[in-house]
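Accompanying notes for the structure given below.
Side chains are part of it too, since the values below use all heavy atoms of this structure and drop only hydrogens, waters and symmetry mates. Just so it is clear, the structure is predicted and the values come from calculations on it, not from any experiment. Chain A is the first sequence line, chain B the second, and so forth, proteins listed ahead of strands; every chain is numbered from 1.
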Amino acid sequence: MNKDNYDFLSIQTKWRDIWEKNKIYKTNILSEKEKYYILDMYPYPSGVGLHVGHIKGYTASDINARYKRLKGFEVLHPMGWDAFGLPTENFAIKTGKDPYLVTKENITEFKKEISNMALSIDWEREIDTSNKYYYKFTQLLFIKLYNKGLAYKKKSPINWCPSCKTVLSNEQSMNGICERCESKVEIKNIDQWFFKITDYAEKLLEGINNVDWPVSIKKMQEKWIGKSEGVEIPFAIKDSKEILTVFTTKPETIYGITFLVLAPESPLIESLTTTDNKELVEKYIKNISPQKEVERKKDVKTGVFTGSYAINPINNELIPIWIADYVLMEYGTGTVMGVPAHDKRDLLFAQIHNLKIEFVLEEDKNNYIESRMIVSKYKNKKVKEVRDSIINEIKDSKRVINYKLRDWTISRERFWGAPIPVVYCDKCGEVILEEKDLPVLLPQDITDYVPTGIPPLEKSEKFMHTTCPKCKGPALRESKTMDTFVDSSWYYLRFIDPLNEDSIGKKEYLDKWMNVDLYIGGSEHAVGHLLYSRFITKFLFDEGILDIEEPFQKLKTVGLIYGEDHRKMSKRWGNVVKVSFVTEEYGADSVRMYIMFMGPFDQYAYWNTKSLIGIKRLLNRIWDLQSKIITKNANTENVLTDNLVRKITDYIDKGKYNLCVSEYMKYINEIEKKNCIGKSNFEKFLIILSPFAPYITEELWNRLGNDFSIHQSKWPSSKKEEQHQKYINIPIQINGKLRGNIITLYDSSEKEILELIEKDTKLNQRISNIEIDKIIFIKNKILNIVSA
RNA sequence: GCUGGGGUGGCGGAAUAGGUAUACGCGACGGACUUAAAAUCCGUUGAAGCAAUUCAUGCGGGUUCGAUUCCCGCCCUCAGCACCA
């Protein structure tokens, strides 16, 4: 082999080691430079290893990190591990292997592969959520929330598989059948811990306006929070002292109520059901209560009459009270007023059960509040004009705001998570621990993780038995652990001061480095992780720990990479592309650039190993240029290079990485036509290519005699305006259709171009055949001749 | 159903303050080099037609000298949410 061939593998190992030794990616937290914090959603270190999908986001963030460093920023670009979680525990159940060890092995493997991909990470800031120095602060967060009344325990239903003896998520129990063993899922009411995120509903909604996120994610969060303004109306019951309160966003339709509906879970059902109807009501509730919402069919509105009647406060009419499962206990008051004339679901219900339909307004489909009333008292008035007086007329009505957002369930009956820092004492009851008692360590004496129906931590005598911090008497520990979303709701803070043992981070550092300037990750976290993190940040702001209210200023979402067969990458289809595999064949630089070249960053893309060859060819050609360097720069080449710098700068700022790659290609195509390149232009080119291809650019830069890393050089400046060539091509249209081209001096006038057209035999012949009506001319762009 | 994407050659995709549609890459075809292959290099490559030319950006209309881009009405597809009163 010719020794001057591009041997990417040896270049990779060489520079990876040198960079590591010289710590060129270390962040100086006290730097005077302007800060820039770039973060990836940290990975779960699974045993499967890194696939190309992971790398897409990491490469983009790395490009930005390198680019910002070259532009003179102090960049924080860390990496860590979302190490707690179910897959590791399930692996432990299957193999009996210690989760501590499994996690450690997986992290080692992940880290190795990430380092090979030339991600410019400051590894001194690595975090691992299963490390006791990390989860100590996860537990502290719990304590702070608890002390503010934002962490509480209540009985709540869960999906329970009696055969697996384990709790199932909604996805695992689709249609009420256990995903794994196919037995029927039961609903159990058990004690669960919640964080009161609903207290922050309004702040979470408002804050959305202050961040630079994709519209789709913002909309998803808005919808999830689900704010609606309305009125609560109390209804008296005939022959009863009970009061039924309903929530409505359209109080004016009170004139059209022909029935009320209770949720099957409503506590008022017993007292409202008459003896005649008791049997049917009990049968109905028994039939639907074990089902979860998923199983209820929305087009069939089942229901049953209670036998009781409510009194409409506006006109004293009697209204039958029904029970139906389309009404949810969790939202509003668990009671709905049935207005079949103006609500689709109520209409279906009324049709099935033969209930009256009464119209109160003429609906404006495009804008409801513009609808006109038809009830005599307000005839022809618009809803927006009469709503207030109607509300005032309804006795004891109250304006309220409802949210769909529900409190966040954070407890899990699992082993591999952060223990909840609470103990139970015979004398003092539920007692929260203090900071000095932390961390509550996971026990190491559990060897059997197989679920038996009790939380795994209860198997450890050593863990469970403790003393009450209040009375020093015997106490038992809480045996549940926290959801991994709690770990990830604050991890972005920890990178700023990862070794601090006294607090989440030094206030001075947190104030300087928060928030995250650019956050990159998958849109699957739109309403989970991203909402929880915003909640925790707002809470810590209220606690005085942070001085910012939003954690992630700019968010970029990564489009999924599908397999070569256009299916989702999965073990099941055998179409997973491992990073290590393609890197060995094509080199890390090629893989990075190819992934960026595949298409728009936020759109999904299909993997195609064959296409990688195009990038490898490009890198080979760049490599070959080193033998064609001359000292003098030609002027046209300067213009070309300046234009490239401007374009690449713009495209990186806009996140259009695929276009960067085609610009590099076009540039090299042009340079090759001339078969030589000036040294300083080549150096500029290498610098602006270095964020995409860190290895080859470093090697070539070094061979040019530079004694410092290209990644510590400076981003070249460019002229603001695009540099143009002396001559330009003007397309000539006749009636909007392209009929020819004229090559002329830049900035030529209409008259000059028309003269040239006359000299062009083909064009001239065409014009002479038509009667010219007008001419549209846009300088340096186009000339269109329009005939009458 | 609602919300947000997307629909452009054989394939991945360029081009939107309206201005040469198909940049760039892959693949394919032809050629050079080679005993041969790989690699590399040089051509050609939206469709139809000998050609002038005509037709092509999911479909149907509209505005305009000119529409992938703007407006109206649909279809397909991906993702998320889904009885929220």
Side-chain angles (χ1 to χ4, degrees), chain A residues 5 214-224 226-228 230-231 246-250 253 260-261 263 293-294 296-301 324-328 330-339 342-346 348-349 402-406 522-524 526-527 557 559-560 562 566 593-594 597-600 602-618 620-621 624 656 658-669 672 729-741 762 773-778 780-788:
Chain A
N5 268 355
V215 203
S216 57
I217 307 280
K218 286 187 176 191
K219 279 263 162 78
M220 272 194 235
Q221 291 213 350
E222 272 169 21
K223 218 175 162 178
W224 194 259
K227 181 181 180 174
S228 58
V231 182
V246 304
F247 171 72
T248 178
T249 52
K250 301 175 181 175
T253 60
L260 293 188
V261 199
E293 285 167 37
V294 203
R296 300 179 180 176
K297 282 187 186 149
K298 54 182 172 177
D299 48 336
V300 183
K301 299 269 178 278
D325 66 357
Y326 79 89
V327 177
L328 310 172
E330 299 87 352
Y331 185 76
T333 60
T335 313
V336 165
M337 51 189 231
V339 186
H342 303 294
D343 183 284
K344 232 159 98 189
R345 293 155 307 174
D346 294 347
L348 276 172
F349 190 77
N402 264 312
Y403 298 93
K404 286 185 213 169
L405 186 69
R406 295 178 198 173
S523 58
E524 67 271 22
V527 287
T557 48
L560 209 62
Y562 286 81
H566 292 206
M593 278 184 90
Y594 171 65
F597 187 54
M598 289 173 84
D602 54 357
Q603 247 166 263
Y604 64 78
Y606 302 114
W607 182 264
N608 184 355
T609 304
K610 260 188 179 170
S611 291
L612 252 164
I613 193 74
I615 303 286
K616 203 180 161 197
R617 281 179 191 147
L618 175 76
N620 277 330
R621 287 156 67 197
D624 291 342
K656 299 186 171 185
N658 55 328
L659 301 187
C660 289
V661 178
S662 27
E663 290 305 328
Y664 295 134
M665 288 170 169
K666 286 181 198 171
Y667 180 79
I668 293 300
N669 287 348
E672 278 188 342
N729 178 50
I730 301 291
I732 308 301
Q733 292 184 333
I734 294 172
N735 290 325
K737 284 196 174 167
L738 181 73
R739 295 302 181 196
N741 287 286
K762 225 167 120 191
D773 186 35
K774 59 175 167 177
I775 288 168
I776 284 149
F777 175 65
I778 291 153
N780 297 323
K781 225 161 204 175
I782 205 161
L783 189 138
N784 188 8
I785 298 164
V786 186
S787 70

Using the P atom as the reference point in each nucleotide, state the distance between A28(B) and A38(B) in Å, no decimals.
11 Å
With a 4.0 Å limit, can you tell me whether K610(A) has a side-chain N or O closer than that to the phosphate oxygens OP1/OP2 of C26(B)?
no
C1' atoms of G5(B) and G9(B), separation to the nearest Å
23 Å
Gap between atoms CG and C1', on D346(A) and C84(B) respectively (whole Å):
13 Å
Please report the distance, rounded to the nearest Å, between CD in Q221(A) and P in C2(B).
23 Å
Rounded distance in Å between the P positions of G18(B) and U69(B)
12 Å
Can you check whether V786(A) reaches K774(A) side chain to side chain, under 4.5 Å on heavy atoms?
yes
Counting only side-chain heavy atoms from C-beta out, which of C78(B), A85(B), C24(B) sits nearest to Y562(A)?
C78(B)
Value in whole Å for how far the P atom of A85(B) lies from OH of Y403(A)
13 Å
Atom pair distance, as rounded to whole Å: CG in N735(A) and P in C65(B):
11 Å
Y606(A) to M598(A) - nearest heavy-atom pair and separation
O-CE, 3.3 Å
Got a second to check how far Q733(A)'s CD is from N741(A)'s CG, nearest 0.5 Å?
10.0 Å
Under 4.0 Å protein heavy-atom contacts per nucleotide of nucleotides 4-20 of chain B, with B for base, S for backbone only and - for none
S-S-----BSSS---BB
Any Lys/Arg nitrogen of E222(A) or K219(A) sitting under 4.0 Å from an Asp/Glu carboxylate oxygen of the other?
no
Y326(A) OH to C83(B) C1', straight-line distance once rounded to whole Å:
9 Å
How long is the straight-line distance from CE of M665(A) back to CG of N669(A), given to the nearest 0.5 Å?
8.5 Å
Any non-hydrogen side-chain atom of L783(A) less than 4.5 Å from a side-chain atom of I775(A)?
yes
Looking at every strand, decide which applies to K344(A) at a 4.0 Å heavy-atom threshold: base, sugar-phosphate, or nothing.
nothing
If you measure from the C1' atom in A23(B) to the same atom in U45(B), how many Å do you get, rounded?
15 Å
Which letters describe nucleotides 39-48 of chain B, given B = protein heavy atom under 4.0 Å from base, S = only from sugar-phosphate, - = neither?
-SS-------
Need to verify one output field. Residue with the more 5' nearest nucleotide on RNA chain B, V527(A) or M337(A)?
V527(A)
With a 4.5 Å limit on heavy-atom distance, are the side chains of V527(A) and K223(A) in contact?
no
Of the listed nucleotides C55(B), C83(B), C81(B), the one nearest the side chain of K737(A)
C55(B)
Where each pair must be Watson-Crick or G-U wobble with both distances under 3.5 Å, what dot-bracket representation of RNA chain B is obtained, with crossing pairs in [ ] and other-strand partners as |?
(((((((..(((......[....)))((((((.......))))))(((....)))..(((((..]....))))))))))))....
Using a heavy-atom cut-off of under 4.0 Å over every strand shown, decide if T333(A) touches base, sugar-phosphate, or nothing.
nothing
Measuring only between side-chain heavy atoms, which start at C-beta, is L618(A) closer than 4.5 Å to Y594(A)?
no
Please state how far atom NZ in K250(A) lies from atom P in C84(B), giving the value in whole angstrom units.
10 Å
For the P atoms, the ones on U3(B) and on C11(B), what distance do you get once it is rounded to whole angstrom?
32 Å
Are side-chain heavy atoms of K666(A) and E663(A) found at a separation under 4.5 Å?
yes
Does the ring of F349(A) carry K301(A) above it, NZ/CZ under 6.0 angstrom from centre and within 45° of its axis?
no
Expressed in whole Å, how much space separates the P atoms belonging to U64(B) and C59(B)?
23 Å
Separation of the C1' atoms in G19(B) and C24(B), to the nearest angstrom:
22 Å
Per the O4'-C1'-N9-C4 / O4'-C1'-N1-C2 angle with a 90° window around 0, G7(B) comes out anti
Taking C-beta and beyond as the side chain, do S787(A) and D773(A) meet within less than 4.5 Å on heavy atoms?
no
What's the spacing between Q221(A) CD and S216(A) OG if we round to 0.5 Å?
10.5 Å
Expressed in angstrom and rounded to an integer, what is the separation of E222(A) atom CD from C84(B) atom P?
18 Å
Nearest-angstrom distance from the residue atom CH2 of W224(A) to C1' of G80(B)
10 Å
Heavy-atom nearest pair, S228(A) first then Y331(A), reads OG-OH, 2.7 Å
Which value, in whole Å, describes the distance between the C1' atoms of nucleotides A15(B) and U57(B)?
11 Å
